[in-house]
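Below: one structure, written as structure tokens.
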Amino acid sequence: MSIISQTVPSSMPAPVESRSFDVQRLRDDFPILRQKVHGRPLVYLDNAATTQKPKVVLDALQRYYTQDNANIHRAVHQLSERATREFEEAREKICRFLHAHDHREIIFTRGATEGINLVAQSWGRTFLRPGDEILISTMEHHSNIVPWQMVCQATGAVLQVVPISDDGELLFDEYEKLLSSRTRLVSMVHLSNSLGTLNPVERIIELAHARGAKVLIDAAQSISHYAIDVQEMDCDWLVLSGHKLYGPTGVGVLYGKADLLQEMPPWQGGGDMIKQVTFERTTYAELPNKFEAGTPNIAGVIGLGVAVDYLQSVGLPQIAEHEDQLLRYATERLEQIRGIRLIGQAPNKAAVLSFLVTEPVLAPLDVGTRLDLHGIAVRTGHHCCQPLMDRLGISGTVRMSVAMYNTLTEIDLFANALERIVEEGAKRTRTLAMTSESCPAEAVLCGSTRDTCPPRVDLAFAPAMGHSPTEAAQEILDVFDLLEDWGDRYQYLIELGSKIPPMPEELKTECTRVHGCQSIVHLTARQKPGSKDVLEFLADSDAELVRGLIALLEHVYSGQRAKEILAFDIDGFFRKLGLDQHLSMNRRNGLAAMVQRLKQHAAALAG
Ligand code: PMP
């Protein structure tokens, strides 16, 4: 594995003076970390999604746009020359950073995703034949799955998947078995963004090469934690994203061995990638320009160069050591909390800790939302690894991920908050259990949850809460007005959600499943018995926040006439509640999917 100590060739001056590792001093370099979230100091533990940017990077972007902004490569004026020089210097920096053989092997892209798509579309479409095999692993990010599926569809090549153990470790024996003379390409992640598993990429590459296969390494995650030497690793291509490397968004790198890149046709056509264009025929520019059609993200590339300087000034070995300490400590703390199940326990791990709260069962979304109220940013869901989640038999996880600027104190804040969330969850479960004991079976709308309610109340639907959806909505808006901040409103939603009528398990089928939500949602509706056009519905979700949203929908819609449901401005209602500000886009999409399903039922009823 190419995790070696990073060295800058002695002929090249180290760009920024190196210094000893002092996390408190480092934090001063990241202005964004100084803020409060929900009145608490921000604890940013979503670094696998994107890292924060040091001030030197922000300054570089500002300086570029205030002093040097010009298009590169084509003009003779001063600004363009400066911009071009800085852009190409960044390429040299990345070349040294990855220890590539020469700068022509560094192609700037929009990110890791674009790098993989470039190889798939250029190399894949040109060299793959029907029956050729591409090997990936179960733990790949969607961006290292979908481009290969697309190219397989176009060429007749076949995608093979190397399985993993229950602990999230690549099954190396299986990898060896799957490698054959048909294998043309192995494309694998170095450090899994969902599990933190570190794959033995050098062994993977060695075996693939012995079979004559090419290898692409997805270093989107590993690049900010470990020094990578592409020559020592001997990968054929490697991709990374600038924004996970303390650099700007919208910029990334595809490294490729020069001889391979030479053989590959350009992927996109346009300005800057040509030698000569006539209507009859076009000849292409040399590397690297051949793969950089159009105006690139000039500021982003320059910012990425500065980010790499910064990273090297801190020292990757020191960063890795610090992050390993954070990860070990976080693992220890979480292992001590009853009811936490760690997901991904491979012996070789870095930077990422995924888990579930299983006692009581709390949906990842709810844990993440509650952590946010403590000022703690983590990620929840499938992390763009749906096939991996399917393999593990779960729909998602809560994921915390560390960076160089995180501290042990922050890990304590995170673990303490999590402990409280689990305790409060257990208390809520106990209260609900007590309610159900005294719940009279014939009290149809008793408000118990589906876990605790006797079967006889199963088909209870929420009654109308007003003469019209508008009147029912106003009731909720009045309560929201009395509540001071999002924290209180969130609690209120959770309370509403805990009282929705239960939905019997047998109704939770593929037919009633609402897709488009990150959590599991089922929804069914019926015409109210004895009415012509009144709609009643039942819904449920594994996430308490979603149950809260279901409660809102039930409050305004259930028991109302279909025409009124269709006429009601539900988006305006959500805006007035502030949901557009406080719900993530995923969640808003999920809510929109539920509304759409309800409106379909209403439209069917309205005729
Ligand atoms: N691969 C891995 C392992 C990742 O974690 C990510 C981003 N989460 C990507 C690829 C895609 O990166 P980007 O969205 O920056 O292109």
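These numbers were taken from a predicted model, which means no experiment stands behind them. Read the numbers this way: they start at 1 and go in the same order the structure lists the ligands and their atoms.
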Verdict with supporting geometry, R104 and D102, salt bridge (Lys or Arg N to Asp or Glu O under 4.0 Å): CA-CA 6 Å; R104 297 175 312 142; D102 83 66; 3.1 Å; yes

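- With hydrogens left out, the protein atom closest to atom 10 (C) of ligand 1 is S143 OG, 3.1 Å, a heavy atom.
- Residue-level proximity to ligand 1 for H243 is carried by the side chain, the only part with a heavy atom below 4.0 angstrom.
- Under 4.0 angstrom from ligand 1, the non-hydrogen atoms of T113 come from both its backbone and its side chain.
- Set against the non-hydrogen atoms of N193, the atoms of ligand 1 under 4.0 Å away are 3 (C), 5 (O).
- No more than 12 heavy-atom neighbours from other residues, nucleotides or ligands sit within 6.0 angstrom of CD on E206.
- What sits closest to atom 8 (N) of ligand 1 on the protein, heavy atoms only, is K244 NZ, 2.7 Å.
- D68 places no side-chain N or O within donor-acceptor distance of the main-chain N or O of A83, the cut-off being under 3.5 Å.
- The side-chain hydrogen bond (donor to acceptor under 3.5 Å, both in side chains) check on Y65 picks up nothing, with sequence neighbours excluded.
- Closest to atom 4 (C) of ligand 1 among all protein heavy atoms lies H141 CD2, 3.4 Å.
- Applying the 4.0 Å criterion to heavy atoms of S241 picks out, from ligand 1, the atoms 12 (O), 13 (P), 15 (O), 16 (O).
- With a heavy-atom cut-off of 4.0 Å, H383 does not touch ligand 1 at all.
- The protein atom (non-hydrogen) at minimum distance from atom 2 (C) of ligand 1 is D218 OD2, 3.4 Å.
- Near Q221, the atoms of ligand 1 lying under 4.0 angstrom from a non-hydrogen atom of the residue are 3 (C), 4 (C), 5 (O).
- Each of the following atoms of ligand 1 lies closer than 4.0 Å to a heavy atom of V189: 3 (C).
- With salt bridges taken as basic N to acidic carboxylate O contacts below 4.0 Å, none links D59 and R63.
- Legend: residues meeting salt bridge (charged side-chain N to carboxylate O under 4.0 Å, His left out) with R211, ordered by chain and number and at least two apart, are absent.
- Distance alone, capped at 3.5 Å, places no donor-acceptor pair between the K349 side chain and the T197 backbone.
- The aromatic ring centroids of F30 and Y44 lie 6.0 Å or more from each other.
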